[in-house]
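Numbering starts at 1 and runs along the sequence shown. Values reported hereafter were calculated over all heavy atoms of this structure, with side chains retained and with hydrogens, waters and symmetry mates removed.
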Amino acid sequence: MSAADTPAKSGISDIDQRSIDTIRTLAIDAVQKANSGHAGAPMALAPVAFTLWNRYLRYDPAHPAWPNRDRFVLSVGHASMLLYSLLHLAGVAEKDGSNAPAVSLDDIKRFRQLDSRTPGHPEYHFTTGVEVTTGPLGQGVANSVGMAMGARYLNDRLAYGDRPLFDFNVYALCSDGDLMEGVSGEAASIAGHLRLANLCWIYDSNTVTIEGHTDLAFSEEVGTRFLAYGWQVLRVADANDVHALAGSIETFLQSQDRPTLIIVNSVIGYGAPTKQGTSKAHSDALGVEEVKGAKRAYGWPEDAEFLVPDGVYQNFRDGIGARGATLRAEWEALMAEVRASDAALATEVETYLKGELPEGWDADIPTFPADAKGLATRDSSGKVLNAIAPRLPWLLGGSADLAPSNKTKLEGEAALGPFTPGGRNLHFGVREHAMGSIVNGLGLVGLRAYGATFLVFSDYMRPPIRLAALMELPIFHVFTHDSIGVGEDGPTHQPVEHLLALRAIPGLITLRPADANEVAVAYRVIMGLKHQPAVLALSRQALPTLDRSRYAQASGLAKGAYVLADCEGTPDLILIGTGSEVQLCVGAYETLTSEGAKVRVVSMPSWELFERQDEAYRESVLPPAVTARVVVEQASVIGWDRYAGSAGTILGMHTFGSSAPIKDLQTKFGFTSAKVLEAARAQLARGRR
């Protein structure tokens, strides 16, 4: 299709067409100035985005944090200039009630530049109005499922009589690439099963990817697939047909029993003389002559840059601005009524909105008595989780079909299902990747959400865990079966490198508690986090519950590492362990102490929390002068040298595991009292030389 073939605009007002073309040209100019980015999708989708935002989105630009706003997710994150143009033209404020814009025209001129508010892909917490960090394709639509689940949960749990306080819809704009990614299919399947009628994906079917036409690798009938998932599927033959799009959105708004997919056929790079409809419009700047040709096709001054014609700002003020202000005022009036007549509900809502914990939330967390037999930390985790849940109503989550093994079921609570939106037990099915993304979506609407599976399957979840850390979301995951202690299931199910991989993610708190009381403290730490995600690595096998009258209190876990058992004066040897291996260190300590050695045991459940402590504390736990050290962990040895030191010994995994009973595995790989004692004595001998 050439520029000469561009259809005439009809059935749309001049000011609406100018507004649409302003979105297009701002994107074109920003990408051209940066000489980097993606203008093709904004050029194609400007009519779609304009229609949704200016006619239907329940959003108040003056108060972008309004809790009952509709959520708009730009899953096709490389089209970020589409969103930045909308935020600018709609006059979205930097903060509620602020006169400062979230995205100014100068910000658009600094697209993709260092520290600008217009980075290459939208970033949550960085640019007001960005509801979720997107970039990796498929993540945004999967997040939107969690956001829609969260909206229905809040609708059910925090209603004022028969009037909901939260009834927002979630819209996600996605691409061919999003729907090729497996995570989107997992998420769409769950959404259809749950009949999320408040969820609408708008699929930009432009049939172009970086390598060329999508028929190189993608020939499925997407609509048929979504019908099979249980979605309503609508089609708009031309992205420029704003009336057809409006009709589809209205059909979505009237639907009460299923999510909606609107398939919109578009021409990528619409209006560009030689590049529209080709992979050349998919990325990189169009080039000076192509920019001029596109502007001529729109009837735009071809030499004008970053032009916002008269009337465009006012058009947005009259549309999304006026509608959003009215809707927000109505919601605020409803909340005022709640505060006047139902103080308990008002307090609950306000506590939730502030991201605070209810008073007494931890009152029922148990203290576990000393027990040589003990509990698997997955079992003590289940007990602690169930002690917290009754006092924290916005805590919900579930497992990827492993709740009986992960011990993550909330007793006495319903499952969140198609007809029980207020259930707190989530059944994700065997869909770990989508689980991680959905948990992020739940966190994005302010819920304290968790997922669960075996630690080895955290591999499937690394992308959403990484994004949770990037977005600073206080969600968490319960990973059980944390070592070769899985036993007979063999190396496919025995995590080796997984703790290392999780510890490598900036901003993520990884916790591997040694006994039931460390688990209890770990939950206190996790629930107190406001800007960081966390993961728990828990044992399948029973671990002794340490006698805390003899050893240090488990509260030391909050500092990441602490002296669990000590000697008089400066130790000659430090034994460092995590999780199930702490018991081996304690056993060696008892033997060596009885022989007159001066030994210290350090439990180190979290590198990240330990590194937060000041130097004085860290050196009080691990004195630099004490170089005789033994580290024990049933995981990769990589990284432990920072704590073992150059002369220390690290007992860890150097290969994959094997299929055998746990005792045989521990003997084969050296996780026995005898091996720890051998290493400890060698270190002591070295220190005496």
salt_bridge(Arg462, Glu497) N-O dist < 4.0 Å: no

Side chain His498, main chain Val456, donor-acceptor under 3.5 Å: yes

Test item: Arg391 side-chain N/O and Asp362 main-chain N/O as donor-acceptor pair under 3.5 Å: no

Residue list, salt bridge (charged side-chain N to carboxylate O under 4.0 Å, His left out) with Asp641, at least two apart or on another chain: none

Check: Ala376 main-chain N/O paired with Arg540 side-chain donor or acceptor under 3.5 Å: no

Separation of Cys585 SG from Met604 CE (nearest 0.5 Å): 11.0 Å

Pair Glu611 + Arg503: basic N to acidic O under 4.0 Å: no

Shortest non-hydrogen contact from Phe126 toward Arg117: CE2-CA, 3.9 Å

Non-hydrogen atoms of Ser580 and Leu543 that approach each other most closely: CB-CD2, 3.4 Å

Carboxylate-amine/guanidinium contact Arg424 Glu411, below 4.0 Å: no

Closest approach of Ser399 to Asn406 (non-hydrogen atoms, all atoms of both residues): OG-OD1, 2.6 Å

Results of ring-ring contact (aromatic ring centres under 6.0 Å, His included) for Tyr589 - residues two or more places apart only: none

Closest non-hydrogen atom pair, Ala142 against Ser437: CB-CB, 3.4 Å

Main-chain N/O of Gly422 paired with Arg157 side-chain donor or acceptor, under 3.5 Å: yes

Leu573 backbone acceptor or donor facing Arg629 side chain under 3.5 Å: no

Considering all heavy atoms, the nearest Phe671-Glu633 contact: CE2-O, 3.6 Å

Check: Asp178 side chain, Gly138 main-chain N or O, donor-acceptor pair, under 3.5 Å: yes

Trp394-Tyr153 aromatic ring centre distance below 6.0 Å: no

Asp566 and its salt bridge (Lys or Arg N to Asp or Glu O under 4.0 Å) partner, picked from Arg550, Lys598, Arg600: Arg600

His493 ring center near Phe457 ring center (under 6.0 Å): yes

Closest heavy-atom pair and its distance - Ala415, Thr420: O-OG1, 2.7 Å

Main-chain N/O of Asn143 paired with Asn440 side-chain donor or acceptor, under 3.5 Å: no

